[in-house]
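Read through the structure below, which is laid out as structure tokens, and then see the notes.
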Amino acid sequence: MQSTLKGMASFLKNIIPSHIPEDYPVKALLKPISDEGNIREGVRAFRDLLYIICDRLIADGSQYDKPAKSTPNNDSHPSLPVSFPFLNNIKSLLFNMGYHGQLIENGEALWLDDLSLLTAVIGADGGQMRAKITVPKLIEALNFLANCGFCFAGIDSGTRSLAMSEGASLKVTYPKNPVLLIGLKTMAIAQKDLYAKGNHDIFLRCDYRVLKDEETQANDFLKDFTAPLPNEVQNFCLELHRRYLDAGLKCTMDVFYLNVRLIYSYKSKEVWTFSAAHESGYRMLIKAQNTHKYTDMIESFPLPLQEKISRGYGCNKKLFGEPCQKGCHGFSFPLDESLLEIRQHIDAWLDKEISCMQKKR
């Protein structure tokens with residue numbers, strides 16, 4: 001995956017849920033914002049805004065692609081503040097408007113009575129970082145959002161200066177679809193107050209699932225995850241998912257920064273994972289640790305698969321000081337049509353590995 005703002009925007013668009021239900025119960029914490037219907041409609045409108053932002057960055061990302069100069073960039077584990085500061089500024093500005101802004105005019109406008117609240121840089125967990133968005137960067141982000149449909153009363157389009165004096169205020173509207181502001185506030189509060197370990201960037205991914213006053217089924221996580229993949233690959237993933245949940249495995253969704261994983265485990269041991277990451281794309285990662293117990297079966301596999309398994313996985317100490325090879329992630333396969341060519345061998349391999357794990361009980 002290309003480590004550019006355009007590439008990140010393309011990846012982000014894929015992990016934002018394409019289908020958000022029109023009817024689900026909303027947690028009591030969020031009901032003071034508006035009625036449930038407005039919240040659900042507003043969240044879908046916010047999702048659509050994120051798509052607009054991604055599309056603009058895909059088209060024009062090169063003019064905003066300016067990694068932070070003060071901190072070394074790590075292509076192995078890129079972070080928004082370091083690798084994609086403009087996108088992080090957009091996220092932070094939207095979050096700050098939603099979280100600190102007061103809904104007025106029947107929810108069709110947001111009012112902020114202190115412009116300095118907009119300058120906080122927001123991390124993946126919704127916490128405020130030490131850094132601040134500088135005024136020039138804030139203006140750049142405001143102008144970008146204005147081109148995406150926002151109106152900021154008191155700030156001229158294309159402005160190059162901004163009065164940050166005490167008492168400076170801001171009125172925000174979104175004339176194309178005013179209910180978006182309710183969604184913006186809802187997702188900002190969800191990011192701050194409903195964050196849990198293993199679910200980073202709720203706001204930027206528009207993870208509506210945290211709003212629901214009911215448990216999200218693992219099938220729904222998988223359908224959202226595989227939506228950008230070819231239909232046959234989606235079906236393969238769903239077949240594995242159903243088969244091994246019936247066999248007693250557990251499926252857990254985990255989001256570390258913007259790396260999305262569906263982890264399949266037996267007891268507490270990870271067996272395999274479906275993974276989506278900006279730097280490595282969509283993959284299936286198999287953490288088989290008992291291959292030495294069924295070498296006869298492995299010898300029946302196609303030669304390239306045999307060779308891959310013979311190399312094993314894990315971090316090579318000789319690579320110390322070099323970029324992370326992600327060897328600890330497991331035997332890695334791209335989630336594309338190439339995996340379908342060996343699906344029967346994957347099935348047999350997982351069956352054997354789980355059988356070995358069960359015998360250890």
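For clarity, every value in this text was computed on a predicted model and none was experimentally measured.
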**Prompt:** Are the ring centres of Y99 and F203 closer than 6.0 Å?
**Reply:** no
**Item:** Test item: side-chain donor near acceptor, W349 and Y294, under 3.5 Å
**Value:** yes
**Message:** What verdict does the side chain to side chain contact (heavy atoms under 4.5 Å, CB included) test give for E108 and L181, after you've listed the backbone C-alpha separation in whole Å, the side-chain angles of each residue and the deciding distance to 0.1 Å?
**Reply:** CA-CA 7 Å; E108 296 194 356; L181 299 176; 5.6 Å; no
**Prompt:** Does I104 share a hydrophobic cluster with I189, counting links as ILVMFWY side-chain heavy atoms below 4.5 Å and allowing steps through other members?
**Reply:** no
**Prompt:** With a 4.0 Å cut-off, would you call K171 and E105 a salt bridge?
**Reply:** yes
**Request:** Show your reasoning for whether side chain to side chain contact (heavy atoms under 4.5 Å, CB included) applies to W111 and H100.
**Result:** CA-CA 9 Å; W111 177 261; H100 298 293; over 6 Å; no
**Request:** Could you tell me whether E353 and K293 have a side-chain N and a carboxylate O separated by less than 4.0 Å?
**Result:** no
**Request:** Kindly indicate whether the side chain of D113, heavy atoms from C-beta on, has any atom under 4.5 Å from the side chain of L170.
**Result:** no
**Asked** Is a side-chain N or O of R47 found less than 3.5 angstrom from the main chain of I16, in a donor-acceptor match?
**Response** no
**D65/K6 salt bridge by N-O under 4.0 Å criterion** = no
**Prompt:** Cation-pi between K308 and F333: NZ/CZ under 6.0 Å from ring centre and within 45° of the ring axis?
**Reply:** yes
**Item:** Donor on one side chain, acceptor on other, H200 and D125, under 3.5 Å
**Value:** no
**Asked** Between H241 and Y264, is the ring centre distance below 6.0 Å?
**Response** yes
**Message:** Salt bridge check, R40 against D35: does any charged N sit closer than 4.0 Å to a carboxylate O?
**Reply:** no
**Request:** Give a yes or no on whether a salt bridge exists between D220 and R209, defined as a side-chain N under 4.0 angstrom from a carboxylate O.
**Result:** no
**Item:** Any side-chain donor near an acceptor of the partner, D351 and Y244, under 3.5 Å
**Value:** yes
**Prompt:** Is there side-chain contact between L245 and C251, with heavy atoms separated by less than 4.5 Å?
**Reply:** yes
**Asked** Would you say K27 and L211 make side-chain contact, with heavy atoms under 4.5 Å?
**Response** no
**Prompt:** Is any NZ, NE, NH1 or NH2 atom of the basic residue among R261 and D254 found under 4.0 Å from an Asp or Glu carboxylate oxygen of the other?
**Reply:** yes
**Asked** Would F274 and R283 satisfy side chain to side chain contact (heavy atoms under 4.5 Å, CB included), going step by step from the backbone distance to the final call?
**Response** CA-CA 6 Å; F274 292 135; R283 297 176 296 156; over 6 Å; no
**K132 side chain reached by Q128 side chain, heavy atoms, under 4.5 Å** = yes
**Distance-only polar pair, side chains of E36 and Y24, donor-acceptor under 3.5 Å** = no
**Message:** Between N177 and R44, is there a side-chain donor-acceptor contact under 3.5 Å, judged purely by atom types and distance?
**Reply:** no
**Prompt:** Is any side-chain heavy atom of L110 less than 4.5 Å from a side-chain heavy atom of F150?
**Reply:** no
**Prompt:** So do the side chains of F301 and E307 get within less than 4.5 Å of each other, counting heavy atoms only?
**Reply:** no
**Item:** 4.5 Å side-chain heavy-atom contact, N88 and F84
**Value:** no
**Request:** With the side chain counted from C-beta on, respond yes when L30 and I33 share a heavy-atom pair under 4.5 Å apart, and no when they do not.
**Result:** yes
**Asked** More than 12 non-hydrogen atoms from neighbouring residues, nucleotides or ligands closer than 6.0 Å to NZ on K31, yes or no?
**Response** yes
**Request:** Working to the nearest 0.5 Å, report the span between CZ of F256 and CG of D201.
**Result:** 11.0 Å
